[in-house]
**Student:** 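Provided herewith is a single structure, encoded as structure tokens, for subsequent inquiry.
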2 protein chains.
Amino acid sequence: MPDDRSKVTIYDVARRAGVAISTVSRVLNESPDVSTETRKRVTIAIEALNFRPDRRARQLAQQGSPTLAIAIPTLTTPFHTSLLKGIRVHLREKDLDLLLCDLGSRERHVALVQFLQRGAVSGLMLVGLKVTEDIAAELKSMGAAVSIIGYQHGDFDSYWWDDVEGARRAVTHLAGLGHQRIGMIRSSSDSRTQIRRIDGYRAALQAAGIPFRPELIASGHTEKHAGYSEESGYEAMKKLLVLDEPVTAVFCTSDAQAMGAWMALREQGIRVPEDIALVGYDDVKTSRFVGLSSMDQAMQQVGEQAVTRLLDRMSGNLNEPAGSFCHTPELRVRSSSTFRRA
Amino acid sequence: MPDDRSKVTIYDVARRAGVAISTVSRVLNESPDVSTETRKRVTIAIEALNFRPDRRARQLAQQGSPTLAIAIPTLTTPFHTSLLKGIRVHLREKDLDLLLCDLGSRERHVALVQFLQRGAVSGLMLVGLKVTEDIAAELKSMGAAVSIIGYQHGDFDSYWWDDVEGARRAVTHLAGLGHQRIGMIRSSSDSRTQIRRIDGYRAALQAAGIPFRPELIASGHTEKHAGYSEESGYEAMKKLLVLDEPVTAVFCTSDAQAMGAWMALREQGIRVPEDIALVGYDDVKTSRFVGLSSMDQAMQQVGEQAVTRLLDRMSGNLNEPAGSFCHTPELRVRSSSTFRRA
DNA sequence: GTCGTTTCTGGAACCGCTTTCCGTGACAAT
DNA sequence: ATTGTCACGGAAAGCGGTTCCAGAAACGAC
């Protein structure tokens, strides 16, 4: 009743209920061997004192914490938004804490490893991070359940996308509209993802009988801008616009890039899709509302799938070997790519 | 050297360095009374064993954890993106963990309180949450540093915006373009923010000599959509379009709403800004790239300011009474509201 | 009525680290 | 030779729980 607070511990509860602390602990952990009678007394005491077990102490004692951590290189992009959305639903039910490790783009490795080594994490989700061998070793030695999103690694549950096929679909779509000069806006990194999307781009061109021209691939490399950002898309588009033979369609490796590109076009009075068609990647929510065609990676579902399986592993219910789940991006056609060329 | 792992404790380090555990602890906590010589030996041992102090044990012992928690009702909107951006920079330097408490929209109160009572948080940022008196009491009793963003409460450091003025500026801008029938798209909630923005809307109309018509205020109330979402903006715009006398400009209380509204307009072949002008709120990053006028709330700066002060409080360097920091949103004019009426 | 079980509970060690309280030896200052 | 730092060791008491072990009570069976 008295909301005095200032550290209500398990001892207070024990005293109040007239039992030993071990008994209180049993009640807390729903141990079967405690009489209904005592359990009730304890429960009432807990209620009355408004007691909540201390997360840290608990974790310390039972070696292994019910904490799920998510490590993301760039948390602050809308790209991960729906992923988190898928995750948080399942998290609410369980009594888990979400620890966020926002790795900067630089020194990701170091930050991550330090984070892990400090322990206190029983489940970890890595998002959009290249898992090098030393990181992999680190992950294994920490003995936590791990799932990797956006990268494929045989030793862990990984969820990834068929980037070749995704790019192929996007570009095939553009070629199908009659475009012959299809540009590509990419990030300047040489990540697996980027390479595969370029492969897909080439494959689609080849299938359509369009020659591949490296000069049609641009990236807006800037010191201060991340490769997938609006700014870089803006820069890249400008590069494409000064070519002798201009492009009539552009495939971008992110929606943000596409937005930036779109702005560059608008500034020059170039219409989308009449003059230039645009297709993005990620299918961010706003794309639907601005009419940007995009590749849907079903982020939310992937998030749900990953977290469900991860929670199973954490609770020890799942012991099968690491799985690899590949999703194929779906094209969402919107107004930015609806105009058919002659 | 051997990466054997499996719990390297402070004892291992002590043994390896040939010192007592208390000395190791002193080194860890940068106590002044330890010779440079010994310090180096210990540091080397730590390095060699790859030892990281256990976060939980540490926190438990030194009563008070270096953990910053952020509670957000709806993490998954781009609205908070730049806020987090401002926060994380400062967080990287310190050795803090970021605990995320994503309150669902429902039962916010319960979720938050439970979260807090489990302790282990020395700093807390509440974002976009109405601080009721019981929550306030809760916050005080937990003895952590608290800062509130997007709401004003005298007992805590709070960072908020002058919503009346923000709305007034937006609408004044529209009136200045010659618009007479200016609609408003709001969320269906009766939050402080909403009420104030309506006040600002009225004030601006009055100043411009335009009569206030309640039927020009619409909200896209839907069971499944949050009030600030694209979907609700879309719905609301549709309502405004079926009015006898249509509006020529719309002020939206979020950029997402504006995006949704814009889509509704596009579907009907209504041009922006020629037929209808649009102004949003929040100045989300993509707004800049799609050309949506908006009210800039300087989220990133607010995030930085708040976290800086919060960290000061957490470290005990700051003891002055709670401050209240009010920011005034700035209008960013873009193409969605550049057309001047006759 | 005694013995073996089962059931419930109390006591105590322990998780990994911090911190306090001496105590000691070394070395410089007086 | 005495007094004072300075740097460190050793031991022990937490922090708030969990968990193992043993003992007490309750129960049924012979």
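In the text below, chain A, chain B and the rest are named by the order of the sequence lines, each starting its count at 1.
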**Student:** When you compare the protein's N or O atoms with those of nucleotides 25-28 of chain C, which come within less than 3.5 Å of each other, and at what distance?
**Tutor:**
none

**Student:** Can you list the residues that meet the side-chain contact (heavy atoms from CB on, under 4.5 Å) rule with T308(A), with sequence neighbours excluded?
**Tutor:**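 By the side-chain contact (heavy atoms from CB on, under 4.5 Å) rule, T308(A) matches H90(A).
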
**Student:** Restricting to side chain to side chain donor-acceptor pair (under 3.5 Å), what partner residues turn up for Q152(A), sequence neighbours left out?
**Tutor:**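 Result, side chain to side chain donor-acceptor pair (under 3.5 Å) vs Q152(A): S324(A).
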
**Student:** Could you list all N or O pairs between the protein and nucleotides 20-24 of chain C that sit under 3.5 Å apart?
**Tutor:**
none

**Student:** Could you work out, with salt bridge (charged side-chain N to carboxylate O under 4.0 Å, His left out) as the rule, every residue matching R15(A), not counting sequence neighbours?
**Tutor:**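 Per chain and number, R15(A) pairs via salt bridge (charged side-chain N to carboxylate O under 4.0 Å, His left out) with D12(A).
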
**Student:** Show every salt bridge (charged side-chain N to carboxylate O under 4.0 Å, His left out) that has at least one partner inside residues 298-309 of chain A, sequence neighbours left out.
**Tutor:**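 Matches after skipping sequence neighbours: D157(A)-R309(A), R309(A)-E320(A).
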
**Student:** Sequence neighbours excluded, which residues qualify as ring-ring contact (aromatic ring centres under 6.0 Å, His included) partners of F325(B)?
**Tutor:**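 For F325(B), the residues satisfying ring-ring contact (aromatic ring centres under 6.0 Å, His included) (neighbours in sequence not counted) are Y159(B).
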
**Student:** Excluding sequence neighbours, so at least two apart, what forms ring-ring contact (aromatic ring centres under 6.0 Å, His included) with F156(B)?
**Tutor:**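 Partners of F156(B) by the ring-ring contact (aromatic ring centres under 6.0 Å, His included) criterion, ordered by chain and then number, come out as H153(B).
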
**Student:** Using rotation axes that map the C1' atoms of four end pairs onto the next four (five pairs an end), what angle separates the end axes of the helix from dG1(C)-dC30(D) to dT30(C)-dA1(D), to 10°?
**Tutor:**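 Between the first-five-pair axis and the last-five-pair axis there is 50°.
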
**Student:** Using the test side-chain contact (heavy atoms from CB on, under 4.5 Å), find all partners of R41(A) that sit at least two apart in sequence or belong to another chain.
**Tutor:**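 V19(A), E37(A).
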
**Student:** Quick one: label V24(A) by what it contacts on the DNA or RNA (base, sugar-phosphate, nothing), any heavy atom closer than 4.0 Å.
**Tutor:**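 The residue V24(A) makes no contact with any strand.
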
**Student:** If a pair satisfies ring-ring contact (aromatic ring centres under 6.0 Å, His included) and one of its residues is in residues 28-53 of chain A, list it, with sequence neighbours excluded.
**Tutor:**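 Qualifying pairs: none.
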
**Student:** Does any non-hydrogen side-chain atom of Y151(A) lie less than 4.5 Å from one of K130(A)?
**Tutor:**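 Heavy-atom side-chain distance check passes, below 4.5 Å.
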
**Student:** Suppose we screen for salt bridge (charged side-chain N to carboxylate O under 4.0 Å, His left out). Which residues come up paired with E133(B), at least two apart in sequence or across chains?
**Tutor:**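 Residues passing salt bridge (charged side-chain N to carboxylate O under 4.0 Å, His left out) with E133(B): none at all.
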
